[in-house]
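Here is the structure we will look at, set down as structure tokens.
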Number of protein chains: 2
Amino acid sequence: MKRIAESSVRRLSLYLRYLEDFERLGRATISSDELAQCGGTTSSQVRKDLSLFGSFGKRGLGYAVPDLATRLRAILGVGREWRVIIVGAGKIGTALAQYQGFRQHGFKLVGLFDVDPERIGQKWAGVTVRDMERFERDLRRLRPHIAVVTVPADAAQAVIDRVSNAGIKAVLNFAPAGVQARDDVTVRNVNMALELEVLSYALIHGA
Amino acid sequence: MKRIAESSVRRLSLYLRYLEDFERLGRATISSDELAQCGGTTSSQVRKDLSLFGSFGKRGLGYAVPDLATRLRAILGVGREWRVIIVGAGKIGTALAQYQGFRQHGFKLVGLFDVDPERIGQKWAGVTVRDMERFERDLRRLRPHIAVVTVPADAAQAVIDRVSNAGIKAVLNFAPAGVQARDDVTVRNVNMALELEVLSYALIHGA
DNA sequence: ACATGTGAACTGCTTCACAGCG
DNA sequence: CGCTGTGAAGCAGTTCACATGT
């Protein structure tokens, strides 16, 4: 399959969120124009994004809501059960562990790790914090697909290395550090400080 | 000044992070090539990004580390004291309130708001949770520059509206909902569920 | 000799416009 | 007629290559 732009994938994910709202409301069809307005884009963009994966609509009518939702779920892999571990049981790690939207979208927390003896043994969202000492061994049993990294910046690279070496192919990194990883590992960075600086820039230089 | 791409601003923010590391180590100069390797980009890209704002380097030598850091801080507005409020004192809101990197980069938490009587009056990072009833009134005194929104998805749009009407021009939205705002208000969305779906897509379709 | 700064070429995402089909 | 699907055009961001300055 041809390479898809990340921006398209992000939009597909957004479309799906809206489709699920419409699905709940029992709406039968939706036009590219309506989807565009929800997602803050254009109808051309919506049609282009969808056409990358096939022809899902009916000309003159629009898209069947439940059908399109099903197809998007298949494309994005939503609904499969992905096993997720969180490394770093501090403020953010434990907040994420308890985040509801997590499980709702098919992401199942199967492990929580930390190095701090105070934190090891604590339970969050039904999962016990394990010692990083036993990381590799525990991972062989947990077989996670995704690692969420919420450790301090200076520990992030080492954790990403251990995670990659353990065979995990997808990482969501919350540590405010630019990390390197083998290119068979997809790393996404969420960086509060960086987002705030973009806002700071916007405030100074005008929206 | 000419319009700058958001991707450039994000990279500038990253460069600054690395420069501050080098500054701490007492390093005098750095080349575009070294900065590029830190940030996972190319030396051309680094030079282009910096040249958007002026000529900061010396040919044959590179960039003076403290000087470049100072200039980037000025460009990004880092070091100014930005007053920040957090709306929504749930798990994520309170975790963010206690996040250290926050204040370290010149972002000062001046208010915390919620609707839940259980949460109102609690103190986090030295700031008391206030009632949303008194939101507009309190804001006139707090005069925040930035609002961080950590409320449930279904409350997000209403909060963004109140925030915008109160004259705040920058919003960091953690609610998993595509929100609309007047175009004099900069909104940045941080969406866990969306990031996980991008990872899910990558896992299925290959890095 | 070395590394910046920048016009020019290139790549790729977005928008346009319309043919095609229900 | 309405709305999709898509090639073509337009535009923005990235990379290239080299003249320029130290």
Side-chain angles (χ1 to χ4, degrees), chain A residues 1-15 18-19 22 27-72 75 178 183 198 201 205, chain B residues 1-15 18-19 22 27-72 75 178 183 198 201 205:
Chain A
M1 170 151 292
K2 101 168 98 343
R3 160 132 195 76
I4 304 294
E6 184 194 303
S7 48
S8 288
V9 179
R10 298 179 75 86
R11 282 191 300 267
L12 292 173
S13 176
L14 256 182
Y15 303 154
Y18 288 111
L19 280 169
F22 283 114
R27 179 75 175 279
T29 64
I30 190 165
S31 68
S32 58
D33 203 44
E34 285 172 289
L35 264 179
Q37 290 197 280
C38 296
T41 180
T42 66
S43 60
S44 302
Q45 185 74 81
V46 172
R47 292 198 301 276
K48 201 49 124 190
D49 287 336
L50 296 177
S51 76
L52 294 168
F53 295 92
S55 300
F56 306 143
K58 289 209 193 315
R59 290 165 198 251
L61 234 165
Y63 301 87
V65 171
D67 176 54
L68 185 57
T70 302
R71 284 170 180 278
L72 287 184
I75 292 165
D183 56 352
V198 175
Y201 177 88
H205 297 83
Chain B
M1 168 152 296
K2 102 169 96 351
R3 160 131 193 73
I4 306 293
E6 183 194 304
S7 49
S8 287
V9 177
R10 298 180 75 88
R11 281 191 300 267
L12 290 172
S13 176
L14 256 181
Y15 303 154
Y18 289 112
L19 280 168
F22 283 114
R27 178 74 175 280
T29 63
I30 190 166
S31 68
S32 56
D33 202 45
E34 284 173 289
L35 264 180
Q37 290 197 280
C38 296
T41 179
T42 67
S43 60
S44 302
Q45 184 74 79
V46 172
R47 292 199 300 277
K48 208 34 130 199
D49 287 337
L50 296 176
S51 76
L52 295 168
F53 295 92
S55 300
F56 306 144
K58 291 210 194 313
R59 289 165 199 252
L61 235 163
Y63 301 87
V65 171
D67 175 54
L68 186 57
T70 303
R71 285 170 180 279
L72 287 185
I75 291 165
D183 56 353
V198 174
Y201 176 88
H205 298 82

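Note on naming: letters A, B, ... go to the chains in the order of the sequence lines (proteins, then strands), and numbering restarts at 1 for each one.
- Taking 4.5 Å as the limit, some side-chain heavy atom of B:Leu52 sits within range of a side-chain heavy atom of B:Ser8.
- A:Arg11 and A:Glu6 are not joined by a salt bridge, as no carboxylate oxygen comes within less than 4.0 angstrom of a charged side-chain nitrogen.
- Looking at A:Thr41 and A:Asp49, their side chains never come closer than 4.5 Å, going by heavy atoms from C-beta outward.
- Looking only at side-chain heavy atoms (C-beta outward), A:Phe22 and A:Cys38 come within less than 4.5 Å of each other.
- In this model, no side-chain donor or acceptor of B:Arg59 finds a partner on the base of D:dT22 within 3.5 Å.
- Rounded to whole Å, the distance from OH on A:Tyr63 to C1' on D:dC3 is 8 Å.
- If you find the closest nucleotide of DNA chain C to B:Gly57 and to A:Ser8, the one lying nearer the 5' end belongs to B:Gly57.
- Here the side chains of A:Ser51 and A:Phe56 are not in contact, with every heavy-atom distance at 4.5 Å or above.
- A:Ser31 is not listed as a side-chain neighbour of A:Tyr63, based on a closest heavy-atom distance of 4.5 Å or more.
- Taking five base pairs at each end of the helix from C:dA1-D:dT22 to C:dG22-D:dC1, the local helix axes there meet at an angle of 0°, rounded to 10°.
- B:Ser7 has no side-chain polar atom (N or O) that falls below the 4.0 Å cut-off from OP1 or OP2 of D:dG13.
- With hydrogens and angles ignored, the 3.5 Å screen pairs no side-chain donor or acceptor of A:Gln45 with any backbone N or O of A:Thr42.
- Of all the residues in residues 36-55 of chain A, A:Arg47, A:Lys48, A:Ser51, A:Ser55 reach under 4.0 Å from DNA chain D with at least one non-hydrogen atom.
- A:Ile4 is listed as a side-chain neighbour of B:Tyr201, based on a closest heavy-atom distance under 4.5 Å.
- Look at CD1 on B:Ile4: it is 10 Å from P on D:dG13, rounded to the nearest Å.
- Taking atom CD1 of residue A:Ile30 and atom C1' of nucleotide D:dC3, one finds them 13 Å apart after rounding to whole Å.
- Put simply, chain B comes within 4.0 Å of DNA chain C, heavy atom to any atom, from C:dC2 to C:dA8, going 5' to 3'.
- The side-chain heavy atoms of A:Asp33 and A:Val46, taken from C-beta on, include no pair separated by under 4.5 Å.
- When every heavy atom of A:Leu19 is checked against every heavy atom of A:Ile30, the shortest pair comes out as CD2-CG2, 4.0 Å.
- The separation between B:Arg10 atom CZ and D:dG13 atom C1' is 15 Å, rounded to whole Å.
- B:Arg11 comes within 4.0 angstrom of sugar-phosphate atoms only, judged by non-hydrogen atoms across all strands, and of no base.
- A heavy-atom distance below 4.5 Å is not found between the side chains of A:His205 and B:Arg3.
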